[in-house]
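Reviewing the structure listed below.
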2 protein chains.
Amino acid sequence: MRQTVDLSCSPPADAQQALARAETLCQQRGARLTDLRRRVLEIIWNSATPLGAYTILDVLRDDGRQGAPPTVYRALDFLLAQGLIHRLASLNVFTGCRRPGSYHSGQFLICRDCGRVSELSNPAIDELLRAETDARGFEVLAPIVEILGRCPDCLEESARHG
Amino acid sequence: MRQTVDLSCSPPADAQQALARAETLCQQRGARLTDLRRRVLEIIWNSATPLGAYTILDVLRDDGRQGAPPTVYRALDFLLAQGLIHRLASLNVFTGCRRPGSYHSGQFLICRDCGRVSELSNPAIDELLRAETDARGFEVLAPIVEILGRCPDCLEESARHG
DNA sequence: TAATAAATGTTATTCTATAACATAACAGAG
DNA sequence: CTCTGTTATGTTATAGAATAACATTTATTA
């Protein structure tokens, strides 16, 4: 069964702000934030949890749009290239970037229970990784840091009940 | 086209040692390292680079064994549970664990060009991540640290030629 | 407006992973 | 040793993620 979209905790304000920011950035860069790409970004931001490509496709189809997997993946590729979203490799899902503008790879805390994601940016972690790779003469292209676990809310929840 | 198995840099000695170690650990734990599971572990260790599940399946079939995807995935699940291999989420591949016995999640440097992987274990990185998650009341289940980049050999190679 | 480039539509396929159920191998109790 | 329950493996089918290849449309600019 396909993932459903949970809007419970991502206020539209966030989405609107993110879209406005994206608009500005793309304009500055001469990148074309088309209807489709904007809509995909909006779908991602409207969701409380990261979405898979096929879930996004379902929403597009609900919009009445035509679409096949490449439709979504191409839009996602664009948004990734612009640093407007991140891909979580461990779950094959996509989430809006909280700090677009400065390209970065991000560090993520992913809750196993509710699926929500926090994006950290701890420079010390970056520096340590950098030191480690420098020492080995390894050139970094894409660092991936994804911590799967349980968020405070879900911990408390499971403490109260079962 | 399916991945092919490159034996060029993983001396059989490593594999033999890893298998012996696995044997011992499983015996201590009362876990059953069956023919199939041992063979899958051996296939992984005999390869210079991490292997995908379907590549492993191909090798099993070359052995003359019967097999379907679940055959491989079940063996991999066992080896993962025993901490004898790691899964690299960013590439959907599996690699032998260099320090089995102490369950750990590992930090990996993955070369984009040659596909080889170095497993780090920098306690400082673990500690930083731990501090960050503790501060947020987030319970860690599975930290994933995978750095995609280019290894020294491939950097030198590309400096000499193209 | 014509020529070019960029974006999207469309069909098919590849790769990754698991569900569900059948059969076989094994370990311990009697 | 045999029965019995458990664990492991065989087997078929399907779900889920991603891309290849080519057609068509939309935008840009010369």
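So you know, we letter chains A, B, ... as the sequences are listed, proteins then strands, and number each from 1. Please read these numbers as outputs of a predicted model, since none were measured by experiment.
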Task: Check ion pair A:Arg65-A:Asp35 (N to O, under 4.0 angstrom) - done: no

Open item on the list: Tell me whether the side-chain N/O atoms of B:Arg32 come closer than 4.0 Å to OP1 or OP2 in D:dT7.
Closed with: no

Open item on the list: How many whole angstroms separate atom CG of A:Leu80 from atom C1' of D:dT19?
Closed with: 15 Å

TODO: Could you tell me the separation between the CZ atom of A:Arg65 and the C1' atom of D:dT26, rounded to a whole number of Å?
DONE: 14 Å

Task: salt_bridge(B:Arg74, B:Asp77) N-O dist < 4.0 Å - done: no

- [ ] Report the distance from atom CZ of B:Arg61 to atom P of D:dT11, rounded to the nearest whole Å.
- [x] 11 Å

Might you list the N or O atoms of the protein lying below 3.5 Å from N or O atoms in nucleotides 17-22 of chain C, with each pair's distance?
residue: C:dA17; atom: OP1; partner: B:Arg87; partner atom: NE; Å: 3.4
residue: C:dA17; atom: OP1; partner: B:Arg87; partner atom: NH2; Å: 2.1
residue: C:dA17; atom: OP1; partner: B:Asn92; partner atom: OD1; Å: 3.4
residue: C:dA17; atom: OP2; partner: B:Tyr73; partner atom: OH; Å: 2.8
residue: C:dA17; atom: O5'; partner: B:Tyr73; partner atom: OH; Å: 3.3
residue: C:dA17; atom: N7; partner: B:Tyr54; partner atom: OH; Å: 2.5
residue: C:dA17; atom: N6; partner: B:Tyr54; partner atom: OH; Å: 3.3

Task: N/O (side chain, A:Gln66) to phosphate O (OP1/OP2, C:dT8) under 4.0 Å - done: no

Open item on the list: In this structure, how many angstroms lie between the C1' atom of C:dC15 and the CG atom of B:Asp58, rounded?
Closed with: 12 Å

Task: Pairing annotation in dot-bracket form, given for DNA chain D with Watson-Crick or G-U pairs under 3.5 Å and | for cross-strand partners - done: ||||||||||||||||||||||||||||||

TODO: Would you indicate, yes or no, if D:dT9 has its OP1 or OP2 atom less than 4.0 angstrom from a side-chain nitrogen or oxygen of B:Arg37?
DONE: yes

Task: Presence of B:Thr34 side-chain N/O under 4.0 Å of D:dT9 phosphate oxygens OP1/OP2 - done: yes

Open item on the list: Please determine whether a side-chain nitrogen of the Lys or Arg among A:Glu42 and A:Arg38 lies less than 4.0 Å from a carboxylate oxygen of the Asp or Glu.
Closed with: no

Open item on the list: Using the ring pair (Phe, Tyr, Trp, His ring centres under 6.0 Å) criterion, which residues pair with A:Phe108? Sequence neighbours excluded.
Closed with: A:His86

Task: Pairwise side-chain contact, B:Thr49 with B:Thr95, heavy-atom cut-off 4.5 Å (strictly under) - done: no

Open item on the list: Expressed as a whole number of angstroms, how long is the span from A:Arg38:CZ to C:dA7:C1'?
Closed with: 14 Å

TODO: Evaluate the side-chain proximity of B:Ser121 to B:His104: yes if any heavy-atom separation is below 4.5 Å, no if none is.
DONE: no

Open item on the list: Checking the side chain of B:Glu119 only, and the main-chain atoms of B:Gly106 only, is there a donor and an acceptor separated by less than 3.5 Å?
Closed with: no

TODO: For B:Phe78 and D:dT9, give me the distance from atom CZ to atom C1', rounded to whole Å.
DONE: 14 Å

Task: Main-chain N/O of A:Cys151 paired to B:Glu139 side chain as donor or acceptor, under 3.5 Å - done: no

Task: Protein-nucleotide distance (B:Ile56, atom CD1; C:dC15, atom P), rounded to Å - done: 15 Å

TODO: Measure from CG on A:Leu57 to C1' on D:dA18 and round the result to the nearest Å.
DONE: 12 Å

Open item on the list: For A:Asp126 and A:Gln107: C-alpha separation, side-chain torsions, deciding distance, then whether side chain to side chain donor-acceptor pair (under 3.5 Å) applies.
Closed with: CA-CA 9 Å; A:Asp126 284 333; A:Gln107 300 146 2; 3.1 Å; yes

